[in-house]
2 protein chains.
Amino acid sequence: MNKKVTINDIAMIANVAKSTVSRYLNGGSVSVHTREKLDGIVQKYNYTPNTFAQSLKQQTNHTIGVIVPRLDSIAQSDMLRGLDELNIDDTFLIINVYQDSARELAAIEKLQSQNVSGLIILTANLTEEIRSVIKASKLPTVIQGQDEAEFNRVIMNDIQAGKTVGNYLQKLAPKNVLLLNVDMSLDYAVGHDRFVGIKSALNGMPHKEIITDFKLNIAKQSAYQAMIHEDFDLIIGATDRIVVGAMQSAFALHQKPRYIGFGQSYFSETVSPNLTSFEFSFFEAGKELYRLFRKVRDNNTIQIQRIVIDGKLIIRDSTN
Amino acid sequence: MNKKVTINDIAMIANVAKSTVSRYLNGGSVSVHTREKLDGIVQKYNYTPNTFAQSLKQQTNHTIGVIVPRLDSIAQSDMLRGLDELNIDDTFLIINVYQDSARELAAIEKLQSQNVSGLIILTANLTEEIRSVIKASKLPTVIQGQDEAEFNRVIMNDIQAGKTVGNYLQKLAPKNVLLLNVDMSLDYAVGHDRFVGIKSALNGMPHKEIITDFKLNIAKQSAYQAMIHEDFDLIIGATDRIVVGAMQSAFALHQKPRYIGFGQSYFSETVSPNLTSFEFSFFEAGKELYRLFRKVRDNNTIQIQRIVIDGKLIIRDSTN
DNA sequence: TTGTATGCGTTATCAG
DNA sequence: CTGATAACGCATACAA
């Protein structure tokens with residue numbers, strides 16, 4: 001590692017005090033003469049401040065800890081892209097916690113010990129312990145995904161999503177509907193909110209609800225079990241991934257139901273038939289998260305905020 | 001932000017000098033008496049060292065800059081998982097450069113100015129400028145994906161991949177093969193190496209090669225153009241994604257060729273039919289990257305290393 | 001406008 | 001084994 005040039009070196013070379021250089025760098029008052037002198041020297045020696053020294057001095061830094069439950073998902077990477085989009089001078093320290101709350105807790109504690117200036121938690125599924133660690137940390141924090149009353153949050157409008165899908169499914173006039181849902185204690189926004197409108201639209205219609213899992217293979221099995229005993233002409237899954245599982249079972253069973261999914265995934269346009277699904281812009285969600293985070297960090301007396309992102313139903317071949 | 005307790009506080013409380021505390025913390029010689037005293041106090045006040053002060057003092061830190069071309073890809077997230085897997089005390093600063101070499105250059109410079117202790121560059125596609133910036137930085141660096149002679153690297157055995165697929169395709173005895181490749185100047189490992197064995201196996205057989213793009217939609221169009229004029233009974237794409245594009249065109253054209261892809265993607269097991277493809281373990285690649293990085297960082301007199309990851313052909317429905 | 005002096009939290013040197 | 005002191009690079013209060 002080649003020695004980096006420090007503010008002291010610059011000061012020596014320019015024959016001024018280092019405080020003058022510091023002022024010069026931070027936009028303090030400097031005479032035209034010294035400014036010009038320093039312009040050249042800083043350029044020439046390619047000076048960049050030592051961020052550790054800065055952070056140590058200023059007791060804060062521009063690193064934001066971002067906790068993501070998984071990385072192999074378009075929703076997550078779109079949100080991260082949204083964060084990047086609006087970012088100017090922050091650095092995101094992204095930590096994948098592999099959907100494991102023990103890892104999540106450890107990550108938060110590690111981030112704290114690294115003195116990050118705040119926390120952005122994607123697709124939060126907080127345990128009581130995690131909640132209290134965050135609150136104890138006093139770090140500016142913004143979460144996404146669950147409607148946690150005590151935290152600043154950006155959430156997807158799953159109620160609207162369910163309502164929209166409910167309206168649409170009535171037009172489809174199905175004879176027998178299979179709902180593939182997930183346990184609401186695992187994900188309330190999905191397991192509960194997303195299905196309120198659907199169930200109300202389904203009132204009086206023949207249908208069956210199965211609780212399955214986010215994983216493709218498990219969803220596939222659950223769907224298979226249900227479909228082998230009963231014929232469905234419309235399948236609604238809590239996520240696109242779940243629907244794809246069902247599609248594979250239908251393929252195996254030579255059935256051809258219609259499908260509706262949720263989410264914006266690789267799947268919607270790569271499976272055949274292309275999937276009708278209710279989609280949220282996670283990219284927008286990412287931008288909102290960053291905006292909200294800035295507000296919270298720069299103005300720490302702010303009231304808890306709640307931002308809701310709407311989505312829309314994209315009709316594709318799977319409901320034709 | 002609640003004041004963190006510092007080594008000074010601990011020293012005051014324990015009634016010893018802070019240098020003693022420091023020694024205690026770093027495993028220096030301390031009397032049993034003071035050790036026990038400090039044990040309790042450090043526990044009680046939940047002391048953690050200030051990483052900025054440490055880094056400032058030690059002129060180095062445990063942050064590794066990781067540059068990734070995109071995040072919405074299983075290959076990338078698997079490699080990141082591999083890095084995590086073996087990591088003990090490093091922090092990865094992951095930067096998505098959106099497959100844009102200008103952003104990549106900027107990212108490298110930013111990481112440098114943040115004094116990261118090294119660089120891991122995934123799926124490197126280096127420009128001359130980037131090469132020279134990395135070399136000038138003197139940072140321990142490990143790259144992945146391209147066989148860059150001047151850098152420590154972990155590469156996938158695309159030669160073996162092509163050879164294996166070549167052997168297999170001969171058994172399939174196709175009548176007319178469509179190769180969907182990408183420009184080798186964009187990605188030499190894929191565009192060239194991966195197809196050497198295939199082309200040699202194809203020698204004398206009817207086939208056509210089209211240069212298309214990694215993007216699904218473009219691949220779909222290219223495939224469509226080719227398939228509308230000619231019948232193919234086997235399609236080999238440079239990546240799974242490209243093959244999925246071709247599948248969609250085949251679907252539209254009511255053709256049913258067989259398919260072979262490359263990569264380990266969401267697609268292989270979600271499309272119908274499931275895709276036969278040559279798969280690499282990017283998870284293993286990630287682990288090797290980290291191992292190699294450690295070697296390079298901890299032993300900077302080491303010779304440039306080159307590690308090759310083999311893969312294997314997974315036969316699924318698309319070639320039945 | 002400029003320079004001096006001090007401190008951020010830590011580690012390292014060196015004398016006791 | 002211990003403690004005083006300096007130093008890492010920077011920012012700032014204060015004095016000039």
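Lettering follows sequence order; numbering is per chain, from 1. When reading the values below, keep in mind they use all heavy atoms of this one structure, side chains included, and skip hydrogens, waters and symmetry mates.
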Regarding T6(A), tell me which of base, sugar-phosphate or nothing describes its non-hydrogen contacts under 4.0 Å with the strands shown. sugar-phosphate
Rounded to whole Å, please give me the gap between CD in Q58(B) and P in dT11(C). 6 Å
Reckon T20(A) has a side-chain N or O less than 4.0 Å from the OP1 or OP2 of dG3(C)? yes
Distance below 4.0 Å between S29(B) side-chain N/O and dC1(D) OP1 or OP2: yes
Taking the minimum atom-to-atom distance to the side chain of L56(B), which one of dC8(C), dC8(D), dT2(C) wins? dC8(D)
Protein-nucleotide distance (K18(A), atom NZ; dG9(D), atom P), rounded to Å: 10 Å
Starting at NE2 of H33(A) and ending at C1' of dT2(C), how long is that distance when rounded to a whole Å? 13 Å
Does R81(A) come within less than 4.0 Å of D72(B), counting only side-chain N to carboxylate O? no
Value for CG (L119(A)) from CG (L139(A)), rounded to nearest 0.5 Å, stands at 6.0 Å
If you check the N26(B) side chain, which of dT11(C), dT10(C), dC10(D) turns out closest? dT11(C)
Minimum-distance nucleotide (side-chain atoms of P49(B) versus dT10(C), dG3(C), dT2(C)): dT10(C)
Rounded to the nearest Å, what distance is computed from the CG atom of residue N8(B) to the P atom of nucleotide dG7(C)? 11 Å
Does S19(A) contact dA11(D) through a side-chain donor or acceptor facing the base, at a distance under 3.5 Å? no
What is the nucleic acid contact for Y24(A), judged by heavy atoms within less than 4.0 Å: base, sugar-phosphate only, or nothing? nothing
Within the 4.0 Å heavy-atom criterion, would you say V21(A) contacts the bases, only the backbone, or no part of the nucleic acid? nothing
Using a heavy-atom cut-off of under 4.0 Å over every strand shown, decide if S31(B) touches base, sugar-phosphate, or nothing. sugar-phosphate
Okay, side chain of N87(A), backbone of L83(A): is any donor-acceptor separation there less than 3.5 Å? no
At under 4.0 Å between heavy atoms, what does S55(A) touch on the DNA or RNA strands: base, sugar-phosphate, or nothing? nothing
Can you check the F52(A) CZ to dA7(D) C1' distance for me, whole Å? 17 Å
Quick one: CG on L111(A) to CD1 on I67(A), what's the gap to the nearest 0.5 Å? 5.5 Å
Between C1' of dG7(C) and NZ of K57(A), the distance in whole Å: 5 Å
So, are R70(B) and D78(A) salt-bridged, with charged N and O less than 4.0 Å apart? no
Short side-chain N/O contact from S22(A) to OP1 or OP2 of dT12(D), under 4.0 Å: no
Mind calculating the distance between CZ (R23(A)) and C1' (dA13(D)) to the nearest angstrom? 12 Å
Between atom NZ in K4(A) and atom P in dC10(D), what is the gap in whole Å? 8 Å
Of all the nucleotides listed (dT4(C), dT10(C), dC10(D)), which has the minimum atom distance to the side chain of Q54(B)? dT10(C)
Check whether any side-chain nitrogen or oxygen of Q59(B) sits under 4.0 Å from OP1 or OP2 of dT11(C), and answer yes or no. no
Distance in Å, Q146(A) CD paired with R153(A) CZ, rounded so as to fall on 0.5 Å steps: 11.0 Å
